[in-house]
Amino acid sequence: MDRITIFAPATVANVSCAFDVLGFPLEETGDRMNFVKTNQKGIQIKMLGNSNLPTEPEKNVAGVVALAMLEQTKVDFGVEIEIDKRIKPGSGIGSSAASAAGAAFGMNLLLENRFNTTELIKFAMLGEKLASGTAHADNVAPAITGGFALVRSYEPLDVVKINVPNELYVTILHPQIEVKTSDSRKILKKDLELKTAIKQWGNIAGLISALHTSDYELLSRSLEDVIIEPIRSVFIPLFYEVKKALAEAGTLGSGISGSGPSIFALSKGKETAEKAAKAMQMVYSQTQIDFDIHISKVASQGCRIIRNNNE
Ligand code: ADP
């Protein structure tokens, strides 16, 4: 395998009550990446289209992941990575994670699949470390495993892949405002009251059970975040107006995607996901803020091959 094209999905992390531990990929929204074996050793990065992301491999998340994999394998070739970036950086739907996970997945194909899933997630986490300062896994894990990925533990890394109910769709509103991850971390409280924690872990357990059994009503009741959302929502204009409109549109529930500013809503079926998009549009057209809306099935597959030019 000398040349390969892959799809690397956008992801929603911090799924409502499951802050920092659960994420899922989108089926239709994501980046495309080409990997070409070269005689010249090392990694070269090319950004396709008009992106101002860095092309020095040490500064690009795909580059740091690929360099680490080359370093560990000591192969006698290099790789050129072309990135067609379709997920806007800083949107809260895992832009850096798509490049990091895509790099781990694509490089592994050129390296004859010598790394397992946990190893790929660990490589991809190096990219997240570069992008945000912390090697978090809740975007890169689902981008690699597909389905809902539960990061049960970091030391040692233990990621559990969970079923996606068949008719589960997500609608995402991306207001084009900047919310710095560092700011949205800073305002979080350090301590919790026990009764608040109990409410949250009841909801997380309900959510996991609902995913396993495709119980949409339980899923809906469990999509409630009593800890993070009340604090972080201050950064997102008209957050509660959007949430109310989404509930009226019949969605199962909604919340902040990643550290924002994007808002996600989960729905049973495409029709409701489209109604959610209209509801988001109605509320946000009252503002002066530019926005994008994505509708996608929740993907049970993560990164995938689009084209293998050797076949
Ligand atoms: P999101 O909020 O959508 O998850 P991030 O904030 O994680 O996006 O990632 C964006 C940051 O990562 C930006 O600072 C960007 O410059 C940096 N970055 C470096 N390389 C890449 C890349 N290949 N793709 C996306 N972002 C990258």
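Atoms considered below: every heavy atom in the structure, side chains included; atoms not considered: hydrogens, waters and symmetry mates. Both counts, for ligands and for their atoms, begin at 1 and track the order of listing.
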Pairing residues for K199 by the salt bridge (Lys or Arg N to Asp or Glu O under 4.0 Å) criterion, not counting sequence neighbours: E224
Who's the nearest protein heavy-atom neighbour of [atom], and how far?
atom                    : result
atom 24 (N) of ligand 1 : K85 CE, 3.0 Å
atom 21 (C) of ligand 1 : V61 CG2, 3.7 Å
atom 8 (O) of ligand 1  : G90 N, 3.2 Å
atom 23 (N) of ligand 1 : N60 OD1, 2.9 Å
atom 2 (O) of ligand 1  : G92 N, 3.1 Å
atom 7 (O) of ligand 1  : S96 OG, 2.5 Å
atom 12 (O) of ligand 1 : A131 CB, 3.4 Å

Are more than 12 heavy atoms from other residues, nucleotides or ligands located less than 6.0 Å from atom [atom1] of [X]?
X    : atom1 : result
N166 : CG    : no
K59  : NZ    : no
N52  : CG    : no
N39  : CG    : no

Which of the ligand 1 atoms, numbered from 1, are nearer than 4.0 Å to a heavy atom of G94: 1 (P), 3 (O), 4 (O)
Whether G258 lies under 4.0 Å from ligand 1, heavy atom: no
Taking 4.0 Å as the limit for heavy-atom contacts, which would you say applies to [X] with ligand 1: side chain only, backbone only, both, or neither?
X   : answer
K59 : backbone
L53 : side chain
I93 : backbone

Proximal candidate to atom 22 (C) of ligand 1 [heavy atom criterion; set A97, A62, G63, S99]: S99
Contact check, side chains of I306 and R32, non-hydrogen atoms, under 4.5 Å: yes
Contact summary for A62 and A103, nearest pair of heavy atoms: O-CB, 3.5 Å
Stepwise side-chain hydrogen bond (donor to acceptor under 3.5 Å, both in side chains) check, N139 with T11: CA-CA 6 Å; N139 288 102; T11 42; 2.9 Å; yes
Contact check: E128 vs ligand 1, nitrogen or oxygen atoms, below 3.5 angstrom: no
Mutual orientation of the aromatic rings belonging to F291 and Y284 [parallel < 30°, tilted 30-60°, perpendicular > 60°]: perpendicular
Pair listing, side chain to side chain donor-acceptor pair (under 3.5 Å) test, anchored in residues 262-277, at least two apart: none
Protein non-hydrogen atom found under 4.0 Å from atom 14 (O) of ligand 1: no
